[in-house]
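Have a look at the structure below, then the notes.
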Amino acid sequence: MKNWKRIAATAISGCFVLALILTSVQAFAESVASEEEKSGAIVVVNDFCTKVADGQLPATDPLLLAGGTDLAEGEPATGPATEIQSAYDDGDHVNLNLNYSRLGIANKVDNYLNVRKKPSKKGRIIGKMTKNAGCHIYKVKKGWAKIVSGKVTGYVKSSYLTMDEEAEKLASEVGRDCVEILTDSLNVRALPSTTAPVYSVVDEGEEFEIKKENVDREFLEKIIKKEKISDESIERAGGMDYLLEHMDEFICIYVDDDYAFVSKEYVKEQFSLKRATKVKNLSRGDGTNEQQSIVNYAMQFLGNPYVWGGTSLTHGCDCSGFVMSLYAHFGKGLPHSSAAQAGCTRSVSHPMPGDLFFYGSGHVGHVAMYIGGGQVIHASNHRDGIKISNAYYRHPLKIGRVF
């Protein structure tokens with residue numbers, strides 16, 4: 001993993017561009033929880049990243065020779081594979097200053113940077129990059145940078161970006177060791193065993209930061225003690241001897257402010273930067289005026305810090321403190337506990353903006369607020385702070401309505 005940090009930052013930008021070429025080949029996956037790997041675009045993208053990092057990019061790669069297009073304006077991508085191959089320097093460094101492989105990092109902001117449809121302050125906001133999120137820069141003109149980050153293509157004020165060689169150096173500092181889920185609805189386990197209790201179910205394409213890549217006996221015993229895992233659960237997972245024998249087949253990851261285990265077989269380990277998140281304007285009829293107002297109010301705190309037990313929307317809050325403080329602003333009293341909040345909201349099957357999504361392993365342990373468009377905003381953990389996620393990045397135990 002440490003070896004990636006030395007060279008992976010130099011490959012990040014090229015992966016953004018190739019991801020655009022591969023967008024059209026995303027495969028449909030089954031909708032049931034499983035632990036079977038699916039093939040698809042993300043596998044190809046990450047194989048490409050590995051080849052770049054290892055200095056093994058083939059000049060005859062058909063995907064690269066095919067070129068690509070700028071999704072926003074339809075301009076042809078520049079340079080065939082032979083040009084990319086010629087960008088190598090000293091065998092393990094990729095020149096990122098080419099116009100199709102140019103890294104930008106949104107670090108000159110307090111919390112987030114708006115991505116707009118057009119290069120103007122009047123342009124509609126289509127995405128948000130939280131601090132230290134990365135992007136590929138197509139071009140910079142009149143103070144605006146045309147970028148792509150994750151699934152968002154648009155324009156940002158270039159003055160808020162660190163670019164080029166400075167960005168390459170910064171990437172190694174602000175990036176993180178992550179896993180990306182390669183299978184639809186992957187079971188995340190409480191212990192390193194495929195028969196251990198399911199902690200949660202996560203979706204294909206979601207990215208989670210690594211807590212510990214190489215699990216050892218000392219770490220495993222601390223987890224068992226800290227989480228008060230019962231002897232019955234350990235036996236269900238195969239017993240302590242079995243766990244010790246197979247623990248190197250799993251990675252421990254953070255899930256919000258907790259951690260659990262995923263099989264190495266169904267994830268891709270990578271050194272990664274945060275990416276922009278799409279945002280959608282609420283349509284007429286998407287909830288009451290009060291529901292729309294609370295969503296608009298919540299969005300201004302995106303990128304603010306996570307503090308366990310906190311209730312301050314600006315200086316730090318945890319997941320239930322975030323929701324409690326949002327509703328308090330609109331005169332609605334909620335307890336400071338995600339489980340208690342689940343208990344005092346009525347269940348609904350079709351979410352509306354302002355509804356609460358409750359997640360956990362058997363019992364509620366995390367809460368987020370629905371903002372429409374299949375997304376939630378929540379105080380996730382001290383690494384990401386207040387962020388936007390796919391509403392089903394974990395399977396919710398309950399969807400509750402306050403209003």
Side-chain angles (χ1 to χ4, degrees), residues 8-23 41-42 45-46 48-49 52-53 68-73 75 77-79 84 87 94-121 123-176 178 180 205 207 270-279 302-303 375 384-385 387-389:
T10 62
I12 292 171
S13 295
C15 296
F16 287 133
V17 180
L18 187 64
L20 296 179
I21 300 171
L22 298 170
T23 300
I42 190 64
V45 170
N46 286 314
F48 169 77
C49 293
V52 171
T69 59
D70 182 323
L71 295 184
E73 297 179 357
E75 300 168 352
T78 57
I84 300 176
V94 180
N95 184 346
L96 297 181
N97 297 322
L98 304 175
N99 63 359
Y100 54 79
S101 185
R102 188 177 181 189
L103 180 63
I105 299 178
N107 76 311
K108 299 179 181 178
V109 293
D110 292 330
N111 42 25
Y112 65 86
L113 177 61
N114 287 323
V115 184
R116 298 182 182 272
K117 183 69 174 178
K118 296 181 179 181
S120 166
K121 288 184 178 180
R124 179 168 60 88
I125 296 173
I126 58 173
K128 292 180 181 288
M129 297 174 65
T130 53
K131 187 169 185 177
N132 292 326
C135 65
H136 165 72
I137 301 171
Y138 286 109
K139 61 184 177 182
V140 178
K141 185 176 181 180
K142 295 183 179 179
W144 288 90
K146 183 177 181 182
I147 63 98
V148 58
S149 179
K151 298 180 180 179
V152 182
T153 301
Y155 296 86
V156 299
K157 291 290 290 183
S158 59
S159 58
Y160 294 109
L161 296 177
T162 293
M163 298 182 283
D164 305 324
E165 291 185 2
E166 290 185 19
E168 295 175 39
K169 295 176 182 178
L170 180 62
S172 62
E173 300 173 14
V174 300
R176 59 259 185 97
C178 297
E180 187 149 14
E207 191 174 76
Q270 56 194 22
F271 186 69
S272 177
L273 293 171
K274 298 177 185 178
R275 292 168 283 189
T277 304
K278 282 186 177 180
V279 295
L302 180 67
Q375 296 178 310
D384 293 327
K387 63 183 287 189
I388 294 172
S389 298

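- With contacts defined as side-chain heavy-atom distances shorter than 4.5 Å, the pair Asp384/Lys274 qualifies.
- Nearest heavy-atom pair across Leu113 and Ala106 is CD2-CB, 4.0 Å.
- Annotation: Lys108, atom NZ; neighbour count of heavy atoms from other residues, nucleotides and ligands within 6.0 Å is above 12.
- Ala145 and Leu161 make their closest contact through CB-CD1, 3.9 Å (heavy atoms, listed as atom of the first residue, atom of the second, distance).
- No side-chain heavy atom of Leu273 sits less than 4.5 Å from a side-chain heavy atom of Met129.
- Counting only distance, with no hydrogens or angles, the side chain of Thr153 and the backbone of Val148 share no donor-acceptor pair below 3.5 Å.
- Closest of all the heavy-atom pairs between Ile125 and Arg116 is CG1-NH1, 3.5 Å.
- Residue Lys157 places its NZ atom among more than 12 non-hydrogen atoms of other residues, nucleotides or ligands, all under 6.0 Å distant.
- A heavy-atom distance below 4.5 Å is not found between the side chains of Leu170 and Leu103.
- Atom OH in Tyr160 sits 11.5 Å away from atom OH in Tyr112 (nearest 0.5 Å).
- In this structure, Lys118 NZ and Lys146 NZ are separated by 13.0 Å, a value rounded to the nearest 0.5 Å.
- Between Ile147 and Cys135, the closest heavy-atom pair is CG2-SG, 3.7 Å.
- In this structure, the side-chain hydrogen bond (donor to acceptor under 3.5 Å, both in side chains) partners of Ser389, at least two apart in sequence or on a different chain, are His378.
- Here the closest non-hydrogen pair linking Asn107 and Lys131 is O-CE, 3.3 Å.
- Qualifying salt bridge (Lys or Arg N to Asp or Glu O under 4.0 Å) partners for Lys128, counting only residues two or more places apart in sequence or in other chains: none.
- Put simply, CZ on Phe271 and OG on Ser172 are 6.0 Å apart, with the number rounded to the nearest 0.5 Å.
- A distance-only check finds no donor-acceptor pair linking the side chain of Ser149 to the backbone of Arg275 [under 3.5 Å].
- Of all heavy-atom pairs between Glu207 and Ser272, the closest is OE2-OG, 3.1 Å.
- Residues Pro119 and Lys141 fail the side-chain proximity criterion, which asks for heavy atoms closer than 4.5 Å.
- With contacts defined as side-chain heavy-atom distances shorter than 4.5 Å, the pair Lys121/Trp144 qualifies.
- A salt bridge links Asp164 and Arg102; the closest N-O separation between the charged side-chain nitrogens and carboxylate oxygens is under 4.0 Å.
- Residues Leu302 and Thr277 form no side-chain contact, since every pair of their non-hydrogen atoms from C-beta on lies 4.5 Å or further apart.
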